[in-house]
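Worksheet for the structure shown next.
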Amino acid sequence: MRQYKFHIAEMVSAATGVDRLQLTGLIESPPSEEMGDLALPCFHLARVYKKSPAAIAAELAGKMTATEFVERVQANGPYLNFFLRREKIAAEIIREVRAGGDNYGKSDIGLGKTVVIDYSSPNIAKPFGIGHLRSTVIGAALKRIFLFQGYNVVGINHLGDWGTQFGKVILAYKLWGDDGILQENPIEHLYDLYVRIHQEEEKDPSLTHKAREEFRKLEGADSENFALWKRFSDLSKREFDKIYAMLRVQFEATAGESFYNDKNARVEKLLHDKGLLRESREATIVDLEKFGLQPMLVKRSDDATLYATRDLAAAIYRNETYKFHKMLYVVGVAQSLHFQQLFKVLELLGCSWAKDCHHVSFGWVKLGDEMMSTRKGNIVFLEDVISKAVKLAREIIGKGRPDLPDPEGTARAVGIGAVVFTDLAFRRETDISFDWDRMLDFGGNSGPYLQYTHARICSVVRKYARAVSEKFDSSLLILPEEYAIIKKLGNFHEIIDKAAEEFEPFHISSYLLELCGLFNAYYQRYKSPDDRIISADAGKAESRIALIDSIRYVLHSGLTILGLTAPEIM
RNA sequence: GCGCCUGUAGCUCAGUGGAUAGAGCAUCGGCCUCCGAAGCCGAGGGUCGGAGGUUCAAAUCCUCUCAGGCGCACCA
């Protein structure tokens, strides 16, 4: 619909002399159909011309004449409403979708630019929980959104594989670990040890000190600790890879924190040379008080590095390696202070690109009233969630369609789709309450609802049993539901743009739900031989199939971007 | 204490300056001899936490206030 906004802005600009781009931004969609297809609120013009908005609207309505796209223009109070030529719009949009196919909605505004996205980034020696899933799902969706816009995208898995916490795991393993259990069930065993050391620490604070010492030794290349770390790390990565395969998530680089071990010293020197370092309470810090921020701790009192050091090293390394246009950190809201500090320190180091770094934060996943916490041990395992969802999908699928070609694969597609979509069904910043009932609700606003609608459209197109014609007659698409769908299809570009600008995949989720709602209402409303999609009238059937096959394309692209598969039968 | 975030229908959430505040779940009532009922249609349900203010126009912006959450020195 973007092109028609431009067109209308041109018309109004010609009549008033007001800047065309400014007008484009003002044009909006009216709340109801009888108010036309696009509208220009005249409040701003009223200020310029010192007349009432209603008078301006009336006056402009008189000056406007019909055009190739605009059928009539009508003043409605302070609004100037534009009614488009439906036949023309229908023909253009459907042709555009069909010509583009899976490429419809793509753009090349990102050509030659690189976006680096840091996402997923689980901690080794810890289970992959529902919380990490959120970063993974949002990051992977953003990656596909930017690819859709022509950007070169580098997805980085910044594994949490270094730091004091491994001192804890190493210490716990030395105290209570069991090689046999580790071999058999690595993540579970490491997780038990991790929870246990946190509990024991409460009773015996000396453990904290011992754990730090273990990490200091690890950083000092102690061979025993290094071997243990390496083993934990390898076992964990193997588990994570299974999950990524299941979610079909890929990374261009897996460079965890340990990757920067040999790059921290250089950062420290840079900070030192800029005179940014200060000693405070025995630790090394960058004082950020004049920027209203807490100090950033760069090194511990025993000289071991901290995550801030490694994040600085990572940012500098990535800038040098990828020359990025933007860098996104898909990390929970709990770390927002850290990122403010990080970006500020980069700025102080003279990195002009610090402004291109964004913390794409997301809210908590709560369990009941509590925040999920690995340390407290109240987390939900991703594997349990997926296996329950797939099991439920298997039951539902088995009932309706005994002839389904690949029941197991479809059950997985739908079960995983339900889980993935749950993370995309809210705005990023919203805290999510983890709820089994909602996760396993395949109706309403859910992934399976979108997939179901897609399969349903595929089924109708199959039943039509003829090639979808490109020579359909758009003048036969006169039902209000048909026109509403056409306008919705025409909005796909704008939705992608908005999702990319705001780093918000939810806009796409919301759009797809609306699109499916329009289709389902349309589908169910008309049942007579003439009115149904596969109409007794061959011409109508041809046009309607071209229309719903266009929905199919957009739905398929949208689902793919979000990370869901779109089975043709389910 | 300082900083940030949230408060919209019974529940979970959209809507972030414009035309009667929307959806899903839940409740109640309808719709499969007919293209897939994982669906659709309808009903009830909201002083948008509260009070001031800015504006032609406020759920949306500002101030104050109440309630909840998170972050703030050697975890990441």
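Sequence lines set the chain letters: A, B, ... in the order given, protein chains first and strands last, and positions in each chain run from 1.
Relative ring orientation between Y260(A) and Y317(A) is described as perpendicular, the plane-to-plane angle rising above 60° on a 0-90° scale split at 30° and 60°. Ring orientation note: the planes of Y194(A) and H198(A) are nearly perpendicular, at an angle over 60° on the 30°/60° scale. The aromatic rings of Y173(A) and F232(A) lie perpendicular to each other, with more than 60° between the two planes, well past the 30° mark. F128(A) and F240(A) have perpendicular rings, their planes meeting at more than 60° on a 0 to 90° scale where under 30° would count as parallel.
A distance below 6.0 Å separates the ring centres of F339(A) and Y329(A).
Closest to the Q524(A) side chain, of the nucleotides C70(B), C56(B), C40(B), is C40(B). Relative to the side chain of E28(A), the nucleotides A19(B), C72(B), C34(B) differ in distance, and A19(B) lies closest. Taking every side-chain heavy atom of Q294(A) into account, C72(B) is the closest of C72(B), A19(B), G36(B). Listed candidates were C35(B), C74(B), C56(B). Nearest to the side chain of S301(A) is C74(B). Of the candidate nucleotides A19(B), A73(B), C40(B), A19(B) has the atom lying nearest to any side-chain atom of N76(A). Of the candidates U12(B), A19(B), C74(B), the closest approach to any side-chain atom of F426(A) belongs to U12(B). Nearest nucleotide to the side chain of I569(A), out of G71(B), A19(B), G36(B): G36(B). Closest to the side chain of M35(A), from the set A19(B), G36(B), C75(B), is A19(B). Which of C13(B), A37(B), G24(B) sits closest to the side chain of T430(A) comes down to C13(B). The side chain of F43(A) lies closest to C56(B), out of C75(B), C72(B), C56(B).
In this entry the distance linking CD of E502(A) with P of A14(B) reads 13 Å, nearest Å. Protein atom CD1 of I534(A) is 11 Å distant from nucleotide atom C1' of G36(B), rounded to whole Å. Per the geometry, CD belonging to E429(A) stands 13 Å off C1' belonging to U16(B), to the nearest Å. Atom pair L513(A):CG and G22(B):P shows a separation of 18 Å (rounding to whole Å applied). One can place CZ of R525(A) at 13 Å from C1' of G42(B), the figure rounded to the nearest angstrom. Atom NZ of K210(A) is separated from atom P of C74(B) by 20 Å (rounded to the nearest Å). Rounded to whole Å, the distance from NE2 on H44(A) to P on U55(B) is 15 Å. Distance I485(A) CD1 to C40(B) P: 13 Å, rounded to the nearest Å.
Within the 4.0 angstrom heavy-atom criterion, no nucleotide atom of any strand lies near Y194(A). Heavy atoms of K527(A) sit under 4.0 angstrom from at least one base atom. Within the 4.0 angstrom heavy-atom criterion, base atoms lie near P31(A). Among the protein residues, Q335(A) comes within range of the nucleic acid bases, having at least one heavy atom under 4.0 Å from a base atom. Using a 4.0 Å heavy-atom criterion, one finds that G77(A) contacts no nucleic acid atom at all. As judged by a 4.0 angstrom heavy-atom cut-off over every strand, A46(A) is placed among residues making no nucleic acid contact.
Nucleotide U16(B) is matched to nothing when pairs are restricted to Watson-Crick or G-U wobble geometry with both distances under 3.5 angstrom. G68(B) is paired with C5(B) under the criterion used here, namely a Watson-Crick or G-U wobble arrangement in which both key atom distances are under 3.5 Å. Within the shown strands, nothing qualifies as a pairing partner of C32(B) under the Watson-Crick or G-U definition with both distances less than 3.5 Å. Pairing partner, G52(B): C62(B), with both Watson-Crick or wobble hydrogen-bond distances short of 3.5 Å. Across every strand in view, G24(B) sits in a pair with C11(B) that passes the Watson-Crick or G-U test at under 3.5 angstrom.
Nearest heavy-atom pair across Q340(A) and L293(A) is OE1-CD2, 3.2 Å.
Listed by residue number, the members of residues 435-443 of chain A with any heavy atom below 4.0 angstrom from RNA chain B are R438(A), D441(A), F442(A), G443(A).
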Assess the residue pair N264(A) and T309(A) against the criterion (side chain to side chain donor-acceptor pair (under 3.5 Å)); give the C-alpha distance rounded to whole Å, side-chain angles, the decisive distance to 0.1 Å, and a yes or no.
CA-CA 6 Å; N264(A) 291 325; T309(A) 332; 5.6 Å; no
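For S510(A) against A23(B), no side-chain N or O and base N or O form a donor-acceptor pair under 3.5 Å.
Using a 4.0 Å cut-off between a side-chain N of Lys or Arg and a carboxylate O of Asp or Glu, R438(A) and D441(A) do not qualify as a salt bridge.
Nearer to the 5' terminus of RNA chain B, by closest-nucleotide assignment, is the contact made by A425(A) (compared with the other of S535(A) and A425(A)). Nearer to the 5' terminus of RNA chain B, by closest-nucleotide assignment, is the contact made by S32(A) (compared with the other of S32(A) and D531(A)).
Atom CD1 of I156(A) is separated from atom CZ of R318(A) by 4.0 Å, given to the nearest 0.5 angstrom.
Counting heavy atoms from C-beta on, the side chains of V18(A) and V12(A) never come closer than 4.5 Å.
On the C1' atoms, U8(B) is 4 Å away from C48(B), given to the nearest whole Å.
Residue Y449(A) has a polar side-chain atom (N or O) positioned under 4.0 Å from OP1 or OP2 of C40(B). Here R212(A) reaches the OP1 or OP2 of C75(B): one of its side-chain N or O atoms lies under 4.0 Å away.
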